[in-house]
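Have a look at the structure below before the remarks.
Since this is a predicted model, take the numbers as computed values, not measurements. We name chains A, B, ... by the order of the sequence lines, and we start the count at 1 in each one.
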Protein chains: 2
Amino acid sequence: MTSVSEIRLVKLPEGNITPEHFGCFDASVPAVLPAGAVRLRNVCFGVNAGMRSRIGRAGAHDGNKAAATHSYAGQLGVGDVPQSDAVAQVLESTTADFKPGDWVVHIAPWRTRDVVQASKLRRVDVGAKTPPEMYLTALGHTAFTAYVGMVEVGKVGAKDSVYVSAAAGGVGSYAAQIARLRGARVIGSTGSAEKLAYLRDELKLSAAFNYKATAVAEALAEFAPEGLSLCYDNVGGEQLEAAIAAMGEHGRIVLCGMVSDYAQPDAHGPRNLHLFIKRRLCMTGFTVLEHESARADFEASMRGWLSRDEVVVRSTVFEGIDALPRAFSSLLAGATTGRAVVRLDAAA
Amino acid sequence: MTSVSEIRLVKLPEGNITPEHFGCFDASVPAVLPAGAVRLRNVCFGVNAGMRSRIGRAGAHDGNKAAATHSYAGQLGVGDVPQSDAVAQVLESTTADFKPGDWVVHIAPWRTRDVVQASKLRRVDVGAKTPPEMYLTALGHTAFTAYVGMVEVGKVGAKDSVYVSAAAGGVGSYAAQIARLRGARVIGSTGSAEKLAYLRDELKLSAAFNYKATAVAEALAEFAPEGLSLCYDNVGGEQLEAAIAAMGEHGRIVLCGMVSDYAQPDAHGPRNLHLFIKRRLCMTGFTVLEHESARADFEASMRGWLSRDEVVVRSTVFEGIDALPRAFSSLLAGATTGRAVVRLDAAA
């Protein structure tokens, strides 16, 4: 066996999650590779707010168990290793599909090195213009999620008046930019003055507001008096309620995440669903895993935008495997801008 | 001017609406017909729960005013005359399109006789097999609403496991039957033991329950352990929350009405919208007014079902113009089965 470092959940949170809910442990992976497996070194991890829903959520309103077991990711208990998307380099391989030095992305347990079946890996090209971290940001899981939600599910077009909540975040910043690049008018919300400036000055949205300073309903009434045609929501709860109130006729709502809900044993349910009838609204939830068929379109579009410098790529970077819990809790606290990324030491 | 009787709203309800909120008044309509108008006698009225949302609703969560003014029907104040769908017979006409004795349906203010522009009328065939009331029930507005929601919006098919709330009601009873006739498995809910027997014995649904005796979540977990693929909701609120919890992956929710919400200044918002993401659900609200293009399909399908005795047609009948308020409050209180219909005296 080979020694590695890994992050485990050490206690379940009651409310907000903090680094104290995790610990960094020595662990081991097989010293001899099984057939079809590769040994790899994780180089950088992305961190996803959605994982919060898998930790310590009582699931009071989750309903029937049969349907719950169909959910695409199970709950994490004490001792479990969280996971997220990561870029890794192959150290050793038993398959002709990969050789040492190859770069891959995968959904990776939070450990420094690992032994993984080749079928779980997707090869990527790393070069001067596309460093490893690019596969966590503009070419990564969150930007792909934004593309799927905005283009495949939301069918965004030039006539749309779009609202993106948490628009300075890892998914939201790409969702907002993709909508803008497809010609839509885009309004974004965020939770600090600094990130508000980022939305206005760097992402160049049509309008932006700090939801802690201006109520969502007020801001949207001001910025979209005619009503929104498309809402891309990452937040849920009261903010979603305010967005529903601002939808115009035949408005589409795409639900990508519900960061406001993940930690709540008793979530806030939007009280204005009657507007769905009055205004003929449609709301769709999605997960990116079902849309792999859109990846080629996404990569072609994104590489085009990147080559023309039309996309702003920003991340908040943390250093070292033991920074993963801090990156995660900072993300949930709204203290990061763009993708939250953790770089591992090459020697780890 | 010609004297008629009409129903007016005389005070706004705080909570439940009762006959005391209305009064019956003498009114008048023009004695001389304007060009393009007809004089008609309203023969029978249907009564619709949806009108509740137009009476005394503060609209606390309705959101921006611009979008609100787009709503398809305005609010009713004291002195206003409510309206609903009605079958009428032409008494006098200034247009070649209609002659005395013709039968029509229209959205009619609650009065005995009226003068109406011909463009607001739709001609119908009344005969031995299609008495006037049939255009309020199986061939009327509510059955058409059920058809549009179930077929056009819900795309019901033989593989579907369908839940219809308020399934013994004017819309629900047709929605449930249409789904069954298209091969789906149908579960219905209602609010009394008598109506439960109607769902089981007459509408022959696959399963049915009384939501006052069995919690919706429990009943659906028992009757649809694999998860629902389609929910046709007429109720909203806590019952919708329970239905959301019972949806299977890629489930579709069609919102037709929200009878639970109409009287509530502070409606119950479903707290489990995170399931939209986990299970990739879609929820759509509709109003029948936008789907006139489906009417020919609806009529052909329904006449076929009627000719083969495949549809159960039931209504709860009230007599006389002054019974309209009682019919309406009975409907809202869940005391009617099938369509709530008010027959007017021929002499009125």
How far apart are the closest heavy atoms of [X] and [Y], and which atoms are they?
X	Y	value
C282(B)	T284(A)	SG-OG1, 3.5 Å
M283(A)	L273(B)	CE-CD1, 4.0 Å
I277(A)	T287(B)	O-CG2, 3.4 Å
L255(A)	F276(B)	CD1-CB, 3.6 Å

task: Specify which of G251(B), A242(B), P270(B), G285(B) makes the most heavy-atom pairs with chain A at under 4.5 Å.
output: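 Of the candidates given, the most pairs with chain A belong to G285(B).
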- prompt: Looking at residues at least two apart in the chain, or sitting in another chain, which of them share a side-chain contact (heavy atoms from CB on, under 4.5 Å) with Y211(B)?
  reply: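 For Y211(B) the side-chain contact (heavy atoms from CB on, under 4.5 Å) partners, ignoring immediate neighbours, are F209(B), V216(B), Q239(B).
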field: Sequence neighbours excluded, every pair satisfying salt bridge (charged side-chain N to carboxylate O under 4.0 Å, His left out) that has a member inside residues 283-293 of chain A
entry: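 Pairs touching residues 283-293 of chain A that pass the test: E290(A)-R280(B), E292(A)-R295(A).
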message: Less than 4.5 Å to any heavy atom of chain A: does that hold for the side chain of I253(B), its backbone, both, or neither?
response: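 For I253(B), no heavy atom lies under 4.5 Å from chain A.
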query: By a 4.5 Å heavy-atom criterion (distance strictly below it), what part of L281(B) contacts chain A: side chain, backbone, both, or neither?
result: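 Contact with chain A involves the backbone of L281(B) alone.
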message: If you count heavy atoms of other groups shown closer than 6.0 angstrom to CD of Q83(A), is the number above 12?
response: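 Yes, because the 6.0 Å sphere around CD of Q83(A) holds more than 12 heavy atoms from other groups.
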